[in-house]
Amino acid sequence: RETAEEVVQITAVQSVLMKDLERNYPPTPKEVLRYYCQITQCFYNEEYSEEELLELAAKIQELYDDELVANKSQEDYLNDLTTEIANMKQNQYTIASYEISASTDVEYFVEDGRSCARMYCTFNLKQTGSTGTVATMEQFVLRQDEEEHWKILGWDLVE
């Protein structure tokens, strides 16, 4: 007997791409950064089609401040992204996990009359064949747009 129910496995990439940012934008800097990290993990850890890569790239750019997006042409952005992904995969690195600052550790400030937030994220990278992980900490700055959505303005590696 056939059942009408069929179990559909959703990949991590599909799960991330299903988020509708127009209707359901992450409400806090921490949630924006969590979604950014989920997309970043997909870039480095998952298998995906060329089309899905473009969709992921478009999705992550929805989290970016307009000023950050304006820094590069779309072509340069995609070239840099695919080069970075290729380098990580060639060196057999994946993102084992990530840790985002606690909500209480988010530093809020105002710059040029706009609300901003500064916070940290640690990515734990694992290299195939090695037992440990390598931690890299990055400092993110987010800024609220006209719709009061927190957008990533930029980030830097913390030495």
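This one's a predicted model, so the numbers in the text were calculated from it and none came from an experiment.
For the atom pair CG (Asn45) and OG1 (Thr94), the distance works out to 5.0 Å, reported to the nearest 0.5 Å. Atom CD in Glu51 sits 11.0 Å away from atom CG in Leu56 (nearest 0.5 Å). Atoms SG and CD, on Cys116 and Gln144 in that order, are 9.0 Å from each other to the nearest 0.5 Å. Atom CD of Gln14 and atom CD of Gln9 lie 10.0 Å apart (nearest 0.5 Å).
Residue pairs meeting the salt bridge (charged side-chain N to carboxylate O under 4.0 Å, His left out) criterion with at least one member in residues 147-159: none, sequence neighbours excluded. Sorted by first and then second residue, the side chain to side chain donor-acceptor pair (under 3.5 Å) pairs with a member in residues 101-110 read Glu107-Arg118; sequence neighbours excluded. Applying the salt bridge (charged side-chain N to carboxylate O under 4.0 Å, His left out) test to pairs two or more places apart or on separate chains, those with a residue in residues 122-146 are Asp65-Arg143, Glu67-Arg143. Here salt bridge (charged side-chain N to carboxylate O under 4.0 Å, His left out) pairs that include residues 26-48, with residues two or more places apart or in two chains, are Glu31-Arg34. Listed by first and then second residue, the salt bridge (charged side-chain N to carboxylate O under 4.0 Å, His left out) pairs that reach into residues 73-93 are Lys72-Asp80, sequence neighbours excluded.
Between Trp155 and Val141, every side-chain heavy-atom pair lies at or beyond the 4.5 Å cut-off. Leu54 is listed as a side-chain neighbour of Leu78, based on a closest heavy-atom distance under 4.5 Å. Side-chain contact between Leu125 and Ile95: present, with at least one pair of heavy atoms (C-beta onward) separated by less than 4.5 Å. At a threshold of 4.5 Å between non-hydrogen side-chain atoms, the residues Gln92 and Ser130 do not count as touching. Taking 4.5 Å as the limit, every side-chain heavy atom of Val106 sits out of range of all side-chain heavy atoms of Leu142. Looking at heavy atoms from C-beta onward, Pro26 lies in side-chain contact with Leu21 at the 4.5 angstrom threshold. No side-chain heavy atom of Phe123 sits less than 4.5 Å from a side-chain heavy atom of Val134. A heavy-atom distance below 4.5 Å is not found between the side chains of Leu81 and Ile60.
Between Ile10 and Ser15, the shortest heavy-atom distance links the atoms CG2-N, 3.5 Å.
Tyr98 and Val158 fall into different hydrophobic clusters, where Ile, Leu, Val, Met, Phe, Trp and Tyr are joined by side-chain heavy atoms under 4.5 Å apart, directly or via other members. Under a hydrophobic clustering in which Ile, Leu, Val, Met, Phe, Trp and Tyr are joined whenever their side-chain heavy atoms come within less than 4.5 Å, directly or via other members, Leu63 and Leu53 fall into the same cluster. In terms of hydrophobic clustering, with Ile, Leu, Val, Met, Phe, Trp and Tyr side chains grouped at heavy-atom distances under 4.5 Å, Leu153 and Phe109 are assigned to a common cluster.
Annotation: ring pair (Phe, Tyr, Trp, His ring centres under 6.0 Å) contacts of Tyr25 (sequence neighbours excluded): His149.
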Practice problem: Given side chain to side chain contact (heavy atoms under 4.5 Å, CB included), test Ile85 with Tyr44 step by step and report yes or no. | Solution: CA-CA 6 Å; Ile85 291 168; Tyr44 300 122; 3.7 Å; yes

Exercise. Tell me, with the steps shown, if Asn124 and Ser97 meet side-chain hydrogen bond (donor to acceptor under 3.5 Å, both in side chains).
Key: CA-CA 5 Å; Asn124 297 301; Ser97 62; 2.9 Å; yes

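Using cut-offs of 30° and 60° on the angle between ring planes, the pair Tyr36 and Phe140 is perpendicular. Ring geometry for Tyr77 versus Tyr64: interplanar angle over 60°, hence perpendicular rather than tilted (30 to 60°).
Between the side chain of Glu99 and the main chain of Thr122, no donor-acceptor pair closer than 3.5 Å is present. Of the possible donor and acceptor atoms, one in the side chain of Tyr35 sits under 3.5 Å from a partner among the backbone N and O of Val16.
More than 12 heavy atoms of other shown residues, nucleotides or ligands fall within 6.0 angstrom of atom CG in Asn79.
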